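Keep in mind that this is a model prediction, so the values were computed, not measured.
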Amino acid sequence: MSLSKHINPDHLLQESRDKKEKHPRHTAANTSLTHTYGGRYGTSSLPKYKLPSTGIDADSAYQIIHDELSLDGSPLLNLASFVHTWMPPAADKLMLENISKNLIDQDEYPMTQAIHTRCISILADLWHAPSSHKAVGTATTGSSEAIQLGGLAMKRLWQEKRKAAGKSIHEPGPNIVMGANAQVALEKFARYFEVETRLVPISVESKYRLDPKKAMEYVDENTIGVYVILGSTYTGHYEPVKEMSDLLDKFEEETGHSVPIHVDGASGAFIAPFATPKLVWDFRIPRVVSINTSGHKFGLSYVGVGWVIWRSQQYLPKDLIFELHYLGSVEYSFSLNFSRPAHPIIAQYYNFLHLGYQGYRNVALGDMKNARTLSRALEHSGYYTVLSDIHRPLPAAVGIAQSAKQALQAADQEDVENYEPGLPVVAFRFSDNFQEKYPEIQQRWIQTLLRAKGWIVPNYELAPGLDQVQILRVVVRETLSEALIDRLVADLVEITETLVQQDSATHALNSLGQGRAVPSSHEHEHGRVDKKDLPDHPGDSGTYAKTC
């Protein structure tokens, strides 16, 4: 007879449970009133920095947090951010269905891992990797992590070469070269992983970005690589990857030192392939060994997904890949993070299936068109100078024509190939004429006054070398429609003209407390009754709403 037949499971569990205290200590009952809105925190203090002793019902907790978050700015009107803020309802549903999945659990969620692998192959093919079916890459939490991985791989390869040559990897140590306009994530890599940062000064002549010729002054045998940015966060300019590569080719011929390129395509790697597919910047250039991008920017997914792809396996050192055995199968990991949500990767794959190449191209071209419209409107106002160049015709077209205006008149103005390539970003500042005429007006007031209308438009200094210049910047994402461009231009013009008319040291604060001082668009002229259209009246009716 088996042992199990002598054991009563119910009795076993009863004996195993924690025993309650026979004489429980008296605790004060909650005498707070029950509220239908916000629970007890509707009338008592909300604990902000320590855990409350008792909780509240789910609906009340939701309402309190919901109400506090309503004080945030609107993601739709956040023109400071590159991060995408909208997806179709079907994508929202798909993400919610998979919100509890952990990407690292490859054995438990095999189809999720298959989707992850498909995304890597799709990007490798989009960026012309030699063999997209055997592409090496990984999803990351964003471009910041992806940049760390790309830089770390270059550092390790440099160390291996130095050791093979019998040279020190410590004296003088590794360095990495990038433009002074580099986003902070690039500098983070150097600081976190003990690599000397060599920042190349920017200039107006270099279009506020990396100057390849000047960059070569910073390259030597200890340079692990050059970060080239496909889309500067300051002004949206693409850095010249091909020119940088050609100069490094010449450097290798002269010195024997091979210096790789990592392309930071956080934004541009999801714009250039669709808007300007003829532009050569990716794995078609042999010296480009790795590329990163943010799926949650112009990849059109919600925040939480980035990607890094290597040219081939030889550029990802094996000792950066970890073999895992405790999750039910043999799995491999080469990321800085471990557990991560799977739903952003699923959202990325949804976009690939839903949009396809033509869908992404339509979105990119629409963004570029709206960015050109905004750029021209700002320059035509006379109040602003636009630093970004995506609305300017290519030099080749201007060379044939007598002027940029004639070049565009002779060409198809909707053909993006006729313009300087770049991100759909509009960087602008007060024009020289405006600053000379109204020196007391500070450009940062524009940011404050726009925020009062709901718009989030940053005002900040350019990178070192031009940090005396302040610019305003608008990122034109898919959600910034032409109708919103119309409203933004109207508000910018109104705010600027109000500041001019007030002519006071306190006009910024005064303007915040006023209604619309001047008609800001043609909409103010429609459906409006003017005093001149009304008959004359000897007096008012005595009511609060007096006659005109």
Does [Y] offer a backbone N or O that forms a donor-acceptor pair with the side chain of [X] under 3.5 Å?
X    : Y    : answer
Y302 : M87  : yes
R361 : P273 : no
H296 : V305 : yes
S245 : K242 : no
E145 : T141 : yes
R284 : L279 : yes
T293 : W307 : no
E239 : R209 : no
N459 : Q447 : no
Q442 : R444 : no

Would you sort out whether R287 and D249 count as a side-chain contact (heavy atoms from CB on, under 4.5 Å), showing the intermediate values?
CA-CA 8 Å; R287 196 165 291 277; D249 287 346; 2.7 Å; yes
So do the side chains of [X] and [Y] get within less than 4.5 Å of each other, counting heavy atoms only?
X    : Y    : result
V226 : V259 : yes
T138 : T140 : yes
V493 : T496 : no
Y227 : V177 : no
M178 : L186 : yes
S81  : K297 : no
V489 : L374 : yes
L394 : E417 : no

In Å and rounded to the nearest 0.5 Å, what is the [atom1] to [atom2] distance from [X] to [Y]?
X    : Y    : atom1 : atom2 : result
I120 : W310 : CD1   : CH2   : 9.5 Å
S431 : L378 : OG    : CG    : 11.0 Å
R392 : R376 : CZ    : CZ    : 11.0 Å
W455 : L450 : CH2   : CG    : 8.5 Å
Y384 : F434 : OH    : CZ    : 6.5 Å
N292 : L149 : CG    : CG    : 9.5 Å

Run the numbers on Y238 and E420 for side chain to side chain donor-acceptor pair (under 3.5 Å), then give the verdict.
CA-CA 9 Å; Y238 290 163; E420 292 276 0; over 6 Å; no
Smallest separation among heavy atoms of [X] and [Y], with atom names:
X    : Y    : value
T235 : K207 : OG1-O, 4.3 Å
S232 : N181 : OG-ND2, 3.3 Å
M154 : P260 : SD-CG, 3.8 Å
L76  : R477 : O-NH2, 4.3 Å
R340 : A139 : NH1-O, 3.6 Å
L210 : G179 : CD1-N, 3.6 Å

Could you tell me how the ring of [X] sits relative to the ring of [Y]: parallel (under 30°), tilted (30 to 60°) or perpendicular (over 60°)?
X    : Y    : value
Y357 : F274 : tilted
H354 : Y350 : parallel
F352 : Y360 : tilted

Please step through side-chain contact (heavy atoms from CB on, under 4.5 Å) for the pair Q468 and E461, ending with a clear verdict.
CA-CA 7 Å; Q468 75 281 4; E461 296 83 15; over 6 Å; no
N351 and S301: side chain to side chain donor-acceptor pair (under 3.5 Å), yes or no, with the steps?
CA-CA 7 Å; N351 279 337; S301 298; 3.2 Å; yes
Residue of the set V474, D367, N78 for which side-chain contact (heavy atoms from CB on, under 4.5 Å) holds with L480:
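Only match with L480 under side-chain contact (heavy atoms from CB on, under 4.5 Å): V474.
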Assess, by modelled atom type and distance only, whether the side chains of Y234 and R473 contain a donor and an acceptor separated by less than 3.5 Å.
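Distance-only check fails for Y234 and R473.
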Six-ring centre of Y419, R372 cation under 6.0 angstrom, axis tolerance 45°
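Positive - R372 is close enough to the ring of Y419 and near enough to its axis.
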Evaluation steps, side-chain contact (heavy atoms from CB on, under 4.5 Å), between W127 and W281
CA-CA 9 Å; W127 298 336; W281 61 272; 3.6 Å; yes
Would E494 and K453 pass as an ion pair if we require N to O under 4.0 Å?
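Yes, this pair counts.
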How far apart are the C-alpha atoms of Y208 and H237, what are their side-chain angles, what is the distance that settles it, and do they pass the side-chain contact (heavy atoms from CB on, under 4.5 Å) test?
CA-CA 8 Å; Y208 317 100; H237 286 96; 3.8 Å; yes
